[in-house]
2 protein chains.
Amino acid sequence: MAVVPEAGPATGYPVFAVTADLVVLTVREGALQVLLIRRGLEPYLGAWALPGGFVRGAEDLDAAARRELVEETGLTAPLGHLEQLASYGAPGRDPRGRVVTVAYLALVPDLPAPVAGGDAAGADWVALPAVGELAFDHARILADGVERARAKLEYTALATAFCPPEFTITELREVYEAVWGARLDPRNFHRKVTGTPGFVEPVGRSVAAERGRPAQLFRRGAAQLLHPPMLRPAP
Amino acid sequence: MAVVPEAGPATGYPVFAVTADLVVLTVREGALQVLLIRRGLEPYLGAWALPGGFVRGAEDLDAAARRELVEETGLTAPLGHLEQLASYGAPGRDPRGRVVTVAYLALVPDLPAPVAGGDAAGADWVALPAVGELAFDHARILADGVERARAKLEYTALATAFCPPEFTITELREVYEAVWGARLDPRNFHRKVTGTPGFVEPVGRSVAAERGRPAQLFRRGAAQLLHPPMLRPAP
DNA sequence: AGTCTTATCGTCATCATGACGAAAAAGGGA
DNA sequence: TCCCTTTTTCGTCATGATGACGATAAGACT
């Protein structure tokens, strides 16, 4: 039942199928969550898996990832962040044959619940501690993506990719706390964020929360990298 | 002349060839240098290119990269460092057809001159500023690899991968200076390196250089990450 | 008005860093 | 042997960033 042949036509080059799989992370309800689909086809029928699909014939890898992201989340705006994570191609990772997957990491703001499309029988956000078994080697890919996200919050301004266009410092801090799984001092965090040039820029308006003093609104600044970085608290 | 067919046998999945290409960096003569081969086959016959080759049928991606590294440098020891860099699969990047390359970054100590093997008509170390045109999209891959190496020296202990098993603090500093293209204060560098737990461990012996006070010998420590990182001087 | 809650601003000790002085440990030459 | 040069290694000092935490500001609610 090999979908993918094991050798090319004339030469001895092995032949592969290439997929783009996505680790789509968001922060919902104070927790880091990942977008998973329930597989509607064999193999791993009915199992949870990362969204993704085959790269098309005239398509770049990044374009395939972006297309899958739009199909699964509807997110096409300048919001969010998409970067290549890593590639996985162990010989036995897909029972259909030799499949190399190029994994991408997407960080998106809190979006409406996804709709199942394509080969998926269902799609939903799942909080990280609640993620169980995944199809293929997707558990490993997910772990790599989460670790990449945790590390990148330290030395880049990517945390704003989890936020809507305008946000408060507290919302930004809750992103860090959810991704890192650690509590941060609100006063020191406020000083660090507002004191780093280009991290965030004040909008000028304030918004009242449910309780307490209204908070200023900010939007993302021009800075990509944080100098000096914001280091996670020691474990 | 398409070596790689454009569609799979029964389904509509496009079919790819997969290669593993290597960005092998070292520090020689005080400069960052990269291992390049001169192509002995079409396309790009006679052009400089990164070493690499097709991933075999029953081979993992990492295994293919390690095999190519051994074939090109003879380096198989626990020395050095090898990690996946990124994948490149733009539709037109290889005139033979649809080829996705998984690029790897290798950091190795100063090795004897490489011998040309496989499809290569020649192989040599080239200092970075002297690198001209490269085949395929290898210039882009090389640039990504160099930037990855520069960034990783900041927050990991990977600089020791460029050094022999025993080295002096000055040799380690020259690695940083070559990779970053910047001069570092020897006194502050010495304090930072010896003060970071697990970065380097004293061997106990000293070695006399050509001039000046003999320097203590160190070997790499157990630390993988530097806390806090060693930041490059501002440009 | 008083209270509660959260946002924001300050203070202070500590740590890491950049700039740089100075001592230690070798060899070479007068 | 005694400087002189060179390089390694140790100190000093001012500055900037950080962690811990006090204090004030600005709303809603009773």
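Labels below follow one simple rule: chain letters A, B, ... track the order of the sequence lines, proteins then strands, and each chain is numbered from 1.
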Calculate the interatomic distance between [X] atom [atom1] and [N] atom [atom2]; express it in whole Å.
| X | N | atom1 | atom2 | answer |
| --- | --- | --- | --- | --- |
| B/Lys192 | D/dT8 | NZ | P | 20 Å |
| B/Arg173 | D/dT8 | CZ | P | 6 Å |
| B/Asn188 | D/dT9 | CG | C1' | 12 Å |

Under 4.0 Å, heavy atom to any atom of DNA chain D: which of residues 194-212 of chain A qualify?
none
Residues from residues 214-233 of chain B lying under 4.0 Å of DNA chain D - heavy atoms:
B/Pro214, B/Ala215, B/Gln216
Has the side chain of B/Arg187 got a donor or acceptor that lies under 3.5 Å from a partner of the other kind on the base of D/dG11?
no
B/Arg191 side chain: which of D/dG19, D/dC13, D/dT8 is closest?
D/dC13
Measure from the side-chain heavy atoms of B/Thr170 and tell me the nearest of D/dT8, D/dC13, D/dT18.
D/dT8
Reading DNA chain C 5' to 3', which nucleotide is the first, and which the last, to come under 4.0 Å of any heavy atom in chain A?
C/dT5 to C/dT11
Test side chain to side chain donor-acceptor pair (under 3.5 Å), reference A/Tyr88, set A/Asp137, A/Asp144, A/Asp21, output is A/Asp144
Short N-O contact, [X] and [Y], less than 4.0 angstrom:
| X | Y | value |
| --- | --- | --- |
| A/Asp62 | A/Arg66 | no |
| B/Arg232 | B/Glu147 | yes |
| B/Glu201 | B/Arg220 | no |

Does A/Arg38 count as lying over the ring of A/Trp48, i.e. NZ or CZ under 6.0 Å from the six-ring centre, within 45 degrees of the axis?
yes
Taking all non-hydrogen atoms of both residues, which atom of [X] and which atom of [Y] are closest, and how far apart?
| X | Y | value |
| --- | --- | --- |
| A/Arg39 | A/Ala135 | CD-CB, 3.9 Å |
| B/Glu166 | B/Leu217 | OE1-CD1, 3.7 Å |
| B/Pro109 | B/Cys163 | CB-O, 3.7 Å |
| B/Val23 | B/Leu142 | CG1-CD1, 3.8 Å |

Both A/Glu171 and B/Asp185 contact DNA chain C. Which one's nearest nucleotide lies toward the 5' end?
A/Glu171
Which of A/Val34, A/Leu82, A/Val108, A/Leu111 passes side chain to side chain contact (heavy atoms under 4.5 Å, CB included) with A/Val24? Answer is A/Val108
What about the rings of B/Tyr176 and B/Phe189, do their centers lie closer together than 6.0 Å?
yes
